[in-house]
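All residue numbers in this chain count up from 1 along the given sequence.
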Amino acid sequence: MLASVTRAVTTVSKQDWILDKLGFEEMSDREYAIDDAHKSTFRWLLEDSSDRPRYRSPAIRQSSISTTQEANLAFQDWLSSDNGIFFISGKAGSGKSTLMKFLADHAITKQCLESWAASTSLVFGRFFFWNAGTEMQRSIEGLYRSMLSELLRQCPAMMEVVFPQYWSEMFNPGDNKPREGPLRLAELESAFRHLISNGDIFQQYSVCLFIDGLYEYEGDHWKLAKLLKDWAKSQSIKICVSSRPHNEFIQNFDDPRRHLKLHELTRKDIWNLVESELGNDERFTRMVTRDSKYSSLISSVAERADGVFLWVRLVIRQLLSGLGSSYSIKQLEEELVGLPQDLKALYHKMFACIKGSDAKRAAQTFLLLTWKPHWNYGQRDILVHSVIDEALDDTFDFKRLCLGEFGTFLNSEDITERIRVTIDRLNSRCKGLVQIHMGGPVGKQYMPMRFIHRTVHEFFSEDAMQEELLLTAKPFKQMDFCIVALLRLMGFDFSSQVSESGDKPEGWGYGIGLDGRLWMPRQMVLRIINLISDSGDPCTYKKELAAAHLIMMKLVPGLNDDFRERSMNFLAGCKEVSDFRPVISGRMFETFDEMWLVLCSGWGLQDPIISRLPTHPDMVASEVGAQILLHASVNAMGPLARPHHPKNDLLSALLEKGFLPNARLPSQFRLLNVGPVAGGSDLECPLWRLPHTRWTVWTLLLHALTAVMHCGEPLLCLPGFFETFLSYGADPSVLFVGYRIVPKDHQTLSKTGWVDLDGIYYFDLRKLIESSYQPTKSDILYELDRKQRNSPWNALYDTLAALWSQSSISNIRYIEMHVLRSSGFVTVAIINKADLRDIETSGFKRWAEDPLTRFSIANMIREVSLYRERSGLISTTTEFYWNCS
């Protein structure tokens, strides 16, 4: 009984781990952003057709779909008894995505598919491509992740077949802990191939996929079409896809009985939509009551729509504005005839109708929304757009920002009112071409803006329109404006934005954000730094960096000492760059670019560093390169590391580019104290003059980690950190050499003022991990064992260690686990296994016999003990481990 329960729990852990690795944050964002179908549209495709004959005749099945009745029968026939691909095409704005969402959610769809699945279990997946979204939302990797996540969530039993390599290898046999690390694209492709090619799966399951917006895929459309056709070859897989009528898809999905041209079938739907939108508006009903001729607008709009719902919505908005001004029916008909039926021409006419100060403000909004569409530097946040009016209305003196003055500190009520006013103004001046996503409470997440349709984004992104927008908006530079707007918004009190349930946003409590008032300013500073990095010339914006430094300084004094120290570390880089001095923490740089790259690494920014590597090939093996790699490592394991994403992007990218974890560090090396998680003091290489202490990036990090790992506070990112370094050649055979601390109680320690040291001892990396208080240590041990199985030193070391432990000529003894855990240890050096036999110990002994050394260690013990007692981490004084330099 107990064994079966244990197996069940283990299986659930495996499943949760795989699902966590497949998901991505924006997986459902596009679907949520699509408007629901109007209550009187698209019903014809799923209405009951049981009294109508099925299209079983081969001759009929070769004809195209030309009526809603034929579409109904063809689609339901495909749903309930056919397989392969059903293709829905349509003009831009014809409602393809809305239809796909409607079909995917409808109960009749599921009923028909259940009939098709028969005795097997139905598994349903959906994905909505979005070219204006993140990389995952427009890539094949996003498609794989979304499909696998949905299918495996519904049928967990598939996981063992789809991911056989992880099912058998990813757990430590001792405690069934999962191995960390992201799933690569090749693994996702392999997993999907396992799914569609395994006959055993399809004896139990039938799979249906709905994939929207194929034309929004950022890649080769022909290859995508071929890939989907390959998926659908199985009798147990069917796929419904939608796209604009691009040749790549028309030629591959060429079955006329499985091709529905949406814009040719929605005349009645559009009539119903126009009738509903006008009929439910009091401006229209009031005028119809006075003169019945106004009702002719319904047919006039429907006849000109040509199957494009988006055109209908924009035109109705224009007509309702005229009805509100009591336009005559002749005026309204003339205006309707004057509105182009082509969407791009309609957009141009609508923009030309924006007059006066609204034109300049709307142009600035459109420029921001078309600028760097795949990056978010704040250009799509409604709060940033709220600054446009402040700047043009002269309601805020932006020159004060350069002096560190951000004005009145904005609380929750201020922000809510600012957003309300901005929404009203945007709706008016942008003529309905922009919409605001109202997906979450103010403050807990940003309220992003976007164009109402991709065609609007395409129109305003054209070169000619960009020139027209710049001419209308001038003087206006998107980057300069975003930086100023972010500075303006640094004074946002985020501490009041905790929900009633007590949920805090991601990042709360990390780094300097331990105080809620600093969470938003910190996000703004990081965005400013990203923007300036992207400019390619950071020197241009030293004034803005100085302003960010001054504003943060005004926010810091209200914090306690610990918070203030972290904030000052965070600001160090801003100040040095803004002063344009190639010096940080006393270290002179040869160029400004070197200094900027080190600062970017301290802030955890990947792009400005990786993009410069081709022009700085010597950086990999330089001291500057060591600084960058160490900062990336500190960020990967520090307070900003996300537990579910332990493999830091910058760290992995640097190691991939050739940065070496085992490279010797230069004499007197010191990690410069910059960035938001640098800590209170610079990280230095200790005891340089001791022989055989060959410090590297890897050993220096281990030296710093020893105290953290044994402090009692969990670092959930450690497995990913160790996996990353070990995967790129970090030496797993290092040994920690030092002294055992003779245990003393509080009273004895207070009387003598120092500690007694016993040694010299050594232990290996495994013992360091096993003796720690980390909850993830079994995960780390798994990674270590996996790496050490391939290490040539292990067999030799094990043999020599056995001899040394019995030899009187060895001055260094191996410390047992129970001794290490009960008394504590002071690390003096970290060496390679090969150096253990020849190490000179006289330098160690002189250091250990120095009274100042023992007095300093006693003070450390007191500080650690007090910290642990306050934190409730460990109850006894002797159960500690301290790393001393």
Side-chain angles (χ1 to χ4, degrees), residues 29-30 32-36 132-133 277 280-283 310 313-314 316-318 320-321 324 347 350-351 353-371 373 376-393 395-396 407-408 410-454 456-457 460 469 472-473 476 478 481-482 484-486 488-489 491-494 496-497 499 505 520 523-524 527:
D29 283 4
R30 171 56 177 159
Y32 292 151
I34 298 170
D35 291 333
D36 292 332
E277 292 294 305
N280 290 326
D281 191 285
E282 62 179 350
R283 290 168 291 184
L310 178 60
R313 291 189 180 277
L314 293 173
I316 287 177
R317 178 187 172 90
Q318 297 286 94
L320 287 175
S321 176
Y347 300 151
M350 293 173 69
F351 177 67
C353 290
I354 306 174
K355 302 296 184 182
S357 62
D358 273 354
K360 184 171 188 175
R361 296 165 199 240
Q364 292 183 0
T365 292
F366 297 153
L367 283 169
L368 287 172
L369 292 180
T370 53
W371 182 58
N376 185 13
Y377 294 128
Q379 71 271 33
R380 291 189 294 276
D381 291 342
I382 191 169
L383 289 174
V384 169
H385 285 257
S386 72
V387 179
I388 290 176
D389 288 304
E390 278 189 321
L392 294 178
D393 292 339
T395 57
F396 182 81
T408 306
L410 305 178
N411 59 30
S412 178
E413 290 75 20
D414 298 330
I415 294 298
T416 301
E417 178 61 18
R418 175 182 283 255
I419 288 176
R420 185 194 65 77
V421 170
T422 304
I423 290 174
D424 289 345
R425 292 173 175 174
L426 288 170
N427 286 336
S428 173
R429 73 172 67 122
C430 295
K431 305 301 180 184
L433 296 175
V434 172
Q435 63 183 8
I436 295 92
H437 179 54
M438 311 291 284
V442 178
K444 189 170 183 180
Q445 67 182 53
Y446 295 111
M447 300 180 69
M449 298 166 49
R450 56 174 169 262
F451 290 113
I452 59 169
H453 196 263
R454 182 184 173 180
V456 185
H457 188 282
F460 284 114
L469 289 173
T472 307
F476 186 76
Q478 294 99 315
F481 172 80
C482 278
V484 171
L486 292 170
R488 172 72 182 98
L489 296 173
F492 175 14
D493 183 0
F494 200 79
S496 61
Q497 298 304 308
S499 67
M520 180 60 76
Q523 301 306 308
M524 299 302 171
R527 286 186 172 190

Original post:
Got a sec, which residues hit salt bridge (Lys or Arg N to Asp or Glu O under 4.0 Å) with Asp414, two or more places apart in sequence or on another chain?
Top reply: none

For residues [X] and [Y], report the shortest heavy-atom separation together with the two atoms involved.
X	Y	answer
Gln478	Leu367	NE2-O, 3.5 Å
Lys431	Arg317	C-NE, 3.2 Å
Ala363	Leu469	CB-O, 3.7 Å
Ile316	Glu277	CD1-CB, 3.7 Å

Original post:
Is the shortest side-chain N to carboxylate O distance from Arg418 to Glu390 below 4.0 Å?
Top reply: yes

Subject >> Lys/Arg N to Asp/Glu carboxylate O, Asp381 vs Arg527, below 4.0 Å >> reply: yes

Original post:
Going through the distances and angles, do Asp393 and Arg361 end up as a salt bridge (Lys or Arg N to Asp or Glu O under 4.0 Å)?
Top reply: CA-CA 11 Å; Asp393 292 339; Arg361 296 165 199 240; 2.6 Å; yes

Any donor and acceptor pair, going by atom type alone, linking the side chain of [X] with main-chain N or O of [Y] inside 3.5 Å?
X	Y	result
Asn427	Ile423	yes
Ser428	Arg425	no
Gln379	Trp371	yes

**OP:** Just jot down the side chain to side chain donor-acceptor pair (under 3.5 Å) partners of Arg454, sequence neighbours excluded, or say none.
**Re:** Glu458

**OP:** Give the ring-plane orientation class for Phe460 versus Phe366, where under 30° counts as parallel, over 60° as perpendicular and anything between as tilted.
**Re:** parallel

**OP:** Any chance you could lay out the salt bridge (Lys or Arg N to Asp or Glu O under 4.0 Å) test for Asp424 and Arg429, step after step, and finish with the verdict?
**Re:** CA-CA 9 Å; Asp424 289 345; Arg429 73 172 67 122; over 6 Å; no

**OP:** Compare all side-chain heavy atoms of Leu486 with those of Val387 and state whether any distance is below 4.5 angstrom.
**Re:** no

